[in-house]
Q: 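Structure incoming, see below.
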Amino acid sequence: YGLLLTLQIASMSIALSFVFGTVLGAARYSGLPVVSQLAGAYIEVVRNLPALLLILISYFVLGQSAMWAATIGLTIYTSAIIAEVIRGGLNSVPAGQWEAARSQGFSFLQSMRYIVLPPAIVKMIPPIVSQFVTVIKDSSFAMAIGAYELMFKGTILAAKYWKPEQVITIYIVISLVYFVINFAISTVARSLQVKLSVGRGSIGD
């Protein structure tokens, strides 16, 4: 049950933060005075706050359940980080791409979809995946509000034993679980990046 709750919190946080982060990143990149400034203010404030603090606020101030408080807190924090990744990826696209799109009569959204995003996404994959891996690890913060996720369940189990080797074994197993999950995600992401990079030059160019 502990692993299931960890995956549930992490997967929901990842999905929601990707959506909100993309919107925020595009808003900041848009250059529209009010929209860009509001998005920028949100990003700068939130990414300089501890994720744990946002989880505690969601739990004690918003009155959410432990699972939802962790999900909301991680989503708020991660969306700000993803927004900066999105903005950085869009900034990496040469201005000539925009000019080519405008010369074809494309709207802003059409330019983003057909011209700008395809090459930008390839460069965004590594930092986005890195942040998603961080989300999975940071889901352990939920134990601070009593969520029975993997780390909390492991800590409860470790408290039942007094022999150091038993406690160490429990935490080694927990570490391996986190490693396997995150390594699998990184491997899949790397494979996806290679496939998307075909015909677009070397990765990271």
Side-chain angles (χ1 to χ4, degrees), residues 1-28 35 37-89 124-160 167-168 170-186 188-189:
Y1 178 77
L3 176 59
L4 179 62
L5 185 57
T6 290
L7 294 176
Q8 189 175 2
I9 291 171
S11 61
M12 289 192 298
S13 299
I14 287 171
L16 292 172
S17 62
F18 182 74
V19 173
F20 293 139
T22 300
V23 173
L24 283 167
R28 188 171 190 183
V35 174
Q37 290 170 3
L38 288 175
Y42 173 90
I43 293 168
E44 291 303 320
V45 170
V46 171
R47 72 174 184 161
N48 287 294
L49 295 176
L52 178 57
L53 175 61
L54 296 173
I55 292 174
L56 294 174
I57 291 174
S58 299
Y59 185 70
F60 291 109
V61 178
L62 301 182
Q64 298 295 316
S65 65
M67 184 200 74
W68 278 109
T71 301
I72 292 171
L74 288 175
T75 297
I76 292 173
Y77 178 79
T78 307
S79 62
I81 306 299
I82 296 299
E84 280 297 275
V85 173
I86 297 296
R87 186 176 71 93
M124 294 177 193
I125 289 177
I128 287 178
V129 171
S130 177
Q131 188 56 42
F132 288 166
V133 167
T134 299
V135 170
I136 294 174
K137 293 185 291 185
D138 285 354
S139 65
S140 61
F141 289 153
M143 69 181 294
I145 54 176
Y148 283 83
E149 45 74 55
L150 179 60
M151 184 61 74
F152 194 16
K153 293 286 286 187
T155 300
I156 292 175
L157 183 61
K160 295 180 179 180
V167 175
I168 291 173
I170 290 171
Y171 283 118
I172 287 176
V173 171
I174 292 174
S175 299
L176 288 174
V177 171
Y178 278 113
F179 172 79
V180 169
I181 295 172
N182 291 329
F183 183 77
I185 292 174
S186 298
V188 171

Q: Between Ile86 and Leu24, is any pair of side-chain heavy atoms under 4.5 Å apart?
A: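 Contact flag for Ile86/Leu24 side chains = no.
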Q: Hey, are the side chains of Ile145 and Leu56 touching, using non-hydrogen atoms and a 4.5 Å cut-off?
A: yes
Q: If I take atom CG from residue Leu74 and atom CZ from residue Phe141, how far apart are they, to the nearest 0.5 angstrom?
A: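 Going from CG on Leu74 over to CZ on Phe141, the span is 8.0 Å.
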Q: Any side-chain heavy-atom pair from Ile76 and Ile57 closer than 4.5 angstrom?
A: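 No; the side chains remain at least 4.5 Å from each other.
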Q: Could you report the tightest heavy-atom contact between Ser140 and Tyr178, atom names first, then the distance?
A: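 Residues Ser140 and Tyr178, closest heavy atoms: CB-OH, 3.7 Å.
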Q: Tell me, please, which residues at least two apart from Ile170 pass side chain to side chain contact (heavy atoms under 4.5 Å, CB included).
A: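 Expected list: Leu157, Ala158, Tyr161, Ile174.
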Q: In terms of heavy-atom contacts, does OH of Tyr171 have more than 12 from other residues, nucleotides or ligands at under 6.0 Å?
A: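 It does: Tyr171 OH has more than 12 such atoms within range.
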Q: If you measure from CG on Asn48 to CD1 on Ile43, what distance do you get to the nearest 0.5 Å?
A: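 Reported to 0.5 Å precision, the distance equals 11.5 Å.
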Q: Where do Glu149 and Ala142 come nearest, in terms of heavy atoms and distance?
A: CG-CB, 4.0 Å
Q: Would you kindly say whether Tyr77 and Ser13 are connected by a side-chain donor-acceptor distance under 3.5 Å?
A: no
Q: Any idea which heavy atoms bring Ile125 and Ala189 closest together, and the distance?
A: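 That closest heavy-atom pairing would be CG2-O, 3.8 Å.
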Q: Minimum heavy-atom separation for Phe20 to Ser79, with atom names?
A: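 Scanning both residues, the minimum pair turns out to be CB-CB, 3.9 Å.
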Q: Ignoring hydrogens and angles, tell me if any N or O in the side chain of Thr78 forms a donor-acceptor pair with the backbone of Thr75 under 3.5 Å.
A: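 Answer holds: no.
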Q: Working to the nearest 0.5 angstrom, can you tell me the gap between Tyr148 OH and Leu4 CG?
A: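 These two atoms lie 16.0 Å from each other.
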Q: Quick one: pull up CD1 in Ile55 and CD1 in Ile9 and give me the separation to the nearest 0.5 Å.
A: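 Answer rounded to 0.5 Å: 8.0 Å.
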Q: Can you measure from CG (Leu16) to OG (Ser11) and round to the nearest 0.5 angstrom?
A: 9.0 Å
Q: Check whether more than 12 heavy atoms from other residues, nucleotides or ligands sit under 6.0 Å from atom CZ of Phe18, and answer yes or no.
A: no
